[in-house]
There are 2 protein chains.
Amino acid sequence: MATLKDVAKLAGVSVKTVSNVVNGYDFVKPENRKRVEEALASTGYRPNLGARNLRRGRTGFLGLMLPELSIPYFGELAGLVLQAAQEHEWNVLIEQTLGTRERERNALSALGPHLIDGAIISPEALHTDDFGDLAPGVPLVMLGEHVVDVPIDHVGIDNVQAARIAVRHLISLGRRRIAAIGAHPQRHTAAQRLEGYHFALEEAGVAPTPELVLPALRYHRANGAEAMAHLLALPEPPDAVFCFNDLLAIGALRAAAERGVQVPSDMAIVGFDNNEESAYSLPSLTTIAPDKAAIAQAAVDLLRRRIAGGSDLAPEDVQTPFSLEIRNSTIA
Amino acid sequence: MATLKDVAKLAGVSVKTVSNVVNGYDFVKPENRKRVEEALASTGYRPNLGARNLRRGRTGFLGLMLPELSIPYFGELAGLVLQAAQEHEWNVLIEQTLGTRERERNALSALGPHLIDGAIISPEALHTDDFGDLAPGVPLVMLGEHVVDVPIDHVGIDNVQAARIAVRHLISLGRRRIAAIGAHPQRHTAAQRLEGYHFALEEAGVAPTPELVLPALRYHRANGAEAMAHLLALPEPPDAVFCFNDLLAIGALRAAAERGVQVPSDMAIVGFDNNEESAYSLPSLTTIAPDKAAIAQAAVDLLRRRIAGGSDLAPEDVQTPFSLEIRNSTIA
DNA sequence: TTGAAAGCGCTAACAT
DNA sequence: ATGTTAGCGCTTTCAA
């Protein structure tokens with residue numbers, strides 16, 4: 001592998017001149033520039049990024065901490081973050097945490113400042129205190145969950161409002177016995193979506209029914225199926241369900257089908273996330289569709305701002321748009 | 001950020017001794033070891049990986065080139081590769097190509113030897129010649145597609161056999177008019193699966209019907225729906241379809257449902273990949289289930305072997321196991 | 001067992 | 001406009 005020195009020797013100039021050419025410094029004698037460019041081409045020179053970054057004091061990497069790539073929402077999001085980062089010549093290092101606090105803490109401290117210039121994190125179980133032993137100086141952007149008392153940048157949608165719109169849609173369809181699947185004692189987003197759910201019920205004058213609010217330990221398809229099975233075994237089952245994500249909804253859809261419950265006539269279902277698969281389920285899923293590209297873009301932009309601007313900037317909270325995607329799980 | 005030097009000064013020893021402790025070198029005087037460990041702890045020292053790797057001549061990174069993280073198969077696979085790589089203290093750098101030759105070539109040359117120790121690539125459109133201008137010296141493992149005349153390691157399943165088993169399953173169910181969705185002029189795996197399809201028909205004494213073999217430009221849900229719509233418009237539609245991946249099958253499922261065609265009674269459907277979502281579709285999808293964890297593991301192992309052993313080793317071809325997952329899209 | 005020092009490839013301050 | 005050189009933080013050879 002050719003080094004700057006090799007190229008310099010071949011072109012008969014100093015490393016400085018070669019470095020100047022490589023880095024697009026303007027003031028190089030045309031003749032020298034030409035010789036250098038030829039030498040560059042003939043050696044197939046490629047800068048050693050490790051060395052460059054060592055010298056520059058940056059790494060060229062962004063960290064992306066998320067629960068699991070196999071979860072559609074995160075797979076889709078990660079793809080978009082990769083694209084947004086690529087536009088600024090950042091490579092992205094993905095760290096999977098499986099949503100456990102233990103691994104989230106590890107990831108947080110593993111993302112040392114030597115390895116990355118900044119990180120986008122999508123925590124699920126992290127506590128406020130976990131940010132204490134964090135390597136300082138690593139710019140962070142938090143996605144989704146919003147741990148309020150940690151002063152870092154945040155990108156997400158208005159979960160309360162989104163949930164409210166989802167449930168309002170069910171109410172507009174004449175449903176009154178509306179369940180919720182996905183309550184979770186620790187998760188902030190769960191609390192917000194639950195709040196939106198209650199909000200919508202209240203503004204429609206529907207009394208809340210605690211037995212219709214089901215928890216979900218994890219937000220996988222199996223959990224949704226389980227919860228729906230439970231609801232259908234109730235003396236008086238609901239006529240609609242708002243699921244806190246699409247996977248829960250897909251699971252609910254299956255549990256309903258297995259029991260011969262017709263969706264949407266007997267039971268309307270709304271999800272959250274707009275996974276690609278949700279447009280193809282049978283019936284297709286009505287869901288809240290966050291603008292994932294906007295989330296990825298905002299996260300990368302926020303990181304750039306903070307890497308450039310330093311830690312004295314006040315933490316920002318960017319709200320990205322979303323929409324309600326109406327499909328056949330609520331309207332035949 | 002504390003450096004080795006800082007720690008050495010604090011502990012009153014040389015950097016060498018600190019380095020010895022950090023790297024687990026055994027022969028350090030217990031007393032010094034203790035002092036160093038204390039200094040390490042009190043400074044919160046973290047090695048600068050860039051510097052370490054610069055010195056060691058390795059980077060600590062693995063490249064992973066794939067079409068798109070939002071495609072479930074690749075999302076799931078990427079997650080498993082990350083896990084396998086983590087066991088050997090490798091970070092993984094993911095490069096998305098969207099399956100275009102252009103971007104696959106770029107990715108290949110971008111994965112310079114300075115950046116990564118080796119790469120796992122899952123090409124879709126790459127030609128043999130594209131490997132020519134490849135930075136040499138970068139150990140490569142190819143997944144899925146098997147460009148035969150490029151001498152690099154390969155991991156995959158026996159596609160011919162898998163397809164044969166899938167179609168044989170349909171035949172065992174009494175189906176005789178069996179379509180295939182996913183033919184593609186350039187893709188090697190498509191050719192193999194088609195071969196297995198023909199193989200199974202032949203050994204059952206079923207005459208092949210060219211009009212039942214449908215191409216798919218891309219392997220997305222929409223393409224499957226389109227192809228199925230085409231098949232159902234035929235004067236004599238098939239009674240079964242073998243789709244070259246699960247996304248095509250999910251699309252086919254939907255197109256069938258939209259036209260009131262009952263699956264599996266009127267039409268049996270088999271997929272390929274065993275995406276997580278396929279266990280939850282309605283009906284659930286019978287599919288070929290490759291052992292993705294085994295693929296990820298084998299790829300990382302092969303890379304380790306080659307990074308250690310050099311380029312003189314003969315290219316290996318590892319076949320990983322798979323199974324036929326029978327669900328309700330073929331048997332009610 | 002440990003210290004001193006070279007050097008990985010690069011950038012940039014300084015000198016010319 | 002370009003050459004010389006220090007030094008980023010680390011590992012490792014050589015000497016002691």
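Bear in mind that the values here come from a model prediction, so they are computed numbers and not experimental data. We name chains A, B, ... by the order of the sequence lines, and we start the count at 1 in each one.
Set against D/dC10, C/dT11, C/dT2, the side chain of B/Pro47 has D/dC10 as its closest nucleotide. Nearest to the side-chain atoms of B/Leu54 among the listed nucleotides C/dC8, D/dG3, C/dT2 stands C/dC8. Checking D/dT11, C/dG9, D/dT4 against every side-chain atom of A/Ala51, the shortest atom distance belongs to C/dG9. Set against C/dC8, D/dG3, D/dC10, the side chain of B/Leu4 has D/dC10 as its closest nucleotide.
Going from atom CG of A/Leu115 over to atom P of D/dC10 covers 13 Å, rounded to whole Å. Rounded to whole Å, atom P of C/dT16 lies 22 Å from atom CZ of A/Phe27. Here D/dT2 presents its P atom at 10 Å from OH of A/Tyr25, a figure rounded to the nearest Å. Here the C1' atom of nucleotide C/dC10 and the NZ atom of A/Lys9 are 17 Å apart, to the nearest Å. A straight line from CD of A/Glu31 to P of D/dA1 spans 14 Å, rounded to a whole angstrom. As rounded to whole Å, 12 Å separates atom C1' of D/dG3 from atom NZ of A/Lys29. Note: CZ (A/Arg35) to P (D/dT2) measures 11 Å, nearest angstrom. One can place CG of B/Asp6 at 8 Å from P of D/dG9, the figure rounded to the nearest angstrom.
Put simply, the side chain of B/His154 gets close to the backbone of B/Glu145: a donor and an acceptor are under 3.5 Å apart. When atom types are taken as modelled, the side chain of B/Asp117 and the backbone of B/Thr59 share a donor-acceptor pair closer than 3.5 angstrom. Of the possible donor and acceptor atoms, one in the side chain of A/Glu76 sits under 3.5 Å from a partner among the backbone N and O of A/Glu276. With hydrogens and angles ignored, the 3.5 Å screen pairs no side-chain donor or acceptor of A/Thr17 with any backbone N or O of A/Val13.
Base engagement by A/Val15 is indicated by at least one non-hydrogen atom pair under 4.0 Å involving a base atom. B/Lys16 comes within 4.0 angstrom of a base, heavy atoms only. Nucleic acid contact class of A/Thr17 (heavy atoms, under 4.0 Å, all strands): sugar-phosphate only.
Regarding contacts with the backbone of D/dT11, a side-chain N or O of B/Ser19 is found under 4.0 angstrom from either OP1 or OP2. For D/dG9, neither phosphate oxygen OP1 nor OP2 lies less than 4.0 angstrom from any side-chain nitrogen or oxygen of B/Arg52. Taking 4.0 angstrom as the limit, B/Asn23 places a side-chain polar atom (N or O) nearer than this to OP1 or OP2 of D/dT11.
Heavy-atom distances to DNA chain C give each of A/Thr3 and B/Arg55 a nearest nucleotide, and the one nearer the 5′ end belongs to B/Arg55. Toward the 5′ end of DNA chain D lies the nearest nucleotide of A/Asn20, the other residue of the pair A/Asn20 and B/Tyr45 mapping further downstream.
The side-chain heavy atoms of A/Thr97 and A/Leu66, taken from C-beta on, include no pair separated by under 4.5 Å.
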